[in-house]
Amino acid sequence: AQSVTQLGSHVSVSEGALVLLRCNYSSSVPPYLFWYVQYPNQGLQLLLKYTTGATLVKGINGFEAEFKKSETSFHLTKPSAHMSDAAEYFCAVISSSGGATNKLIFGTGTLLAVQP
Amino acid sequence: EPEVTQTPSHQVTQMGQEVILRCVPISNHLYFYWYRQILGQKVEFLVSFYNNEISEKSEIFDDQFSVERPDGSNFTLKIRSTKLEDSAMYFCASRRTGGTGELFFGEGSRLTVL
C-alpha cells in the first residue's frame with residue numbers, strides 16, 4: 001500500500017528565505033506524486049505533480065519539487081518565500097489499489113508560516 | 001476554467017439529524033470522490049464512485065453514509081444520523097478518465113454537529 005510521510009507539521013521561514021517542505025513516500029509501484037496547497041478557509045489546490053519523465057517538476061507560484069527514487073522523497077521547495085505562501089501544504093500519492101479508484105493518499109500536512 | 005462546486009459552504013446541524021452535502025463535479029469527469037478533514041487533522045479518503053456505483057470506500061464510510069448521483073450532474077453525500085465526530089470539512093473531488101490521476105477539489109463544505 002502507498003503512503004506519504006511529511007516531516008514537520010509546522011515550518012516557519014522569513015520572507016525571502018528558502019522554503020523546504022519534506023515528503024517521503026512508500027510505494028510498491030512507480031508512484032504518481034502530488035503537492036496540494038490549502039489556503040485558510042479554502043479548498044485544495046494542486047501545486048504540482050510528478051508522473052513520469054523529468055524528475056524536477058515546476059508548479060505554480062514558483063514552487064518546484066524533485067522526485068528522488070533512491071531517497072523515496074518528493075520535497076517541495078521555493079527559493080524565496082512570500083507572505084502569500086502562508087498555507088498548509090499536503091503531499092499525496094496515488095493509491096494503486098486497483099480497479100477504478102486511483103484515490104489520493106494524503107500526508108498529514110505541513111503548515112507554513114512566513115514571518116516578515 | 002471548469003471547477004468542482006460544493007453546497008452548502010457551511011452547515012450546522014443537531015446530532016441525530018440527516019445531512020446532505022452536494023457537489024457538482026466537472027462535467028466531463030467520470031470519477032468522483034468524497035474526502036473529509038477533521039479540524040487540524042489530515043485529509044482522509046471516504047469513498048470513490050464510478051459508473052454509478054461505489055468503487056471503493058474507507059473504514060470511515062460506514063452504514064451512516066451514502067452517496068448518490070441522482071441526476072447526472074450532482075453527486076451527493078448523505079449522513080443519516082449525524083454524530084458529534086462527523087464535524088469536519090468535507091471535500092468533493094472529481095477526475096477525468098485516463099490522464100495522470102489529478103483530482104480536482106471543491107472548496108469544501110464545513111459541517112458542524114452540535
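In this text, all values refer to a predicted model and were calculated from it rather than measured experimentally. Per chain, numbering begins at 1; letters A, B, ... match sequence-line order.
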Heavy-atom count around B:E85 CD within 6.0 Å, excluding the residue itself: above 12?
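Count over threshold, so yes.
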
Under 4.5 Å to a heavy atom of chain A? For B:E44 that would be neither

If one checks every heavy atom of B:Y35 against chain A at 4.5 Å, the contacting part turns out to be side chain

Notebook entry, point to check: With chain B, which of A:T51, A:L46, A:L44, A:T108 has the greatest number of heavy-atom pairs at distances under 4.5 Å?
Noted result: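 When all of A:T51, A:L46, A:L44, A:T108 are compared, A:L44 has the most.
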
Bottom line for A:Q38: the part with an atom under 4.5 Å from chain B's heavy atoms is side chain

Separation between OH (B:Y50) and OG1 (B:T97), nearest 0.5 Å, reads 5.5 Å

**Message:** Rounded at 0.5 Å granularity, tell me how far CD in B:E68 sits from OG1 in B:T76.
**Reply:**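 Those atoms lie 5.0 Å apart.
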
query = Does any donor atom in the side chain of B:Y33 or B:R95 lie under 3.5 Å from an acceptor atom in the other side chain?
reply =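 Distance-only check passes for B:Y33 and B:R95.
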
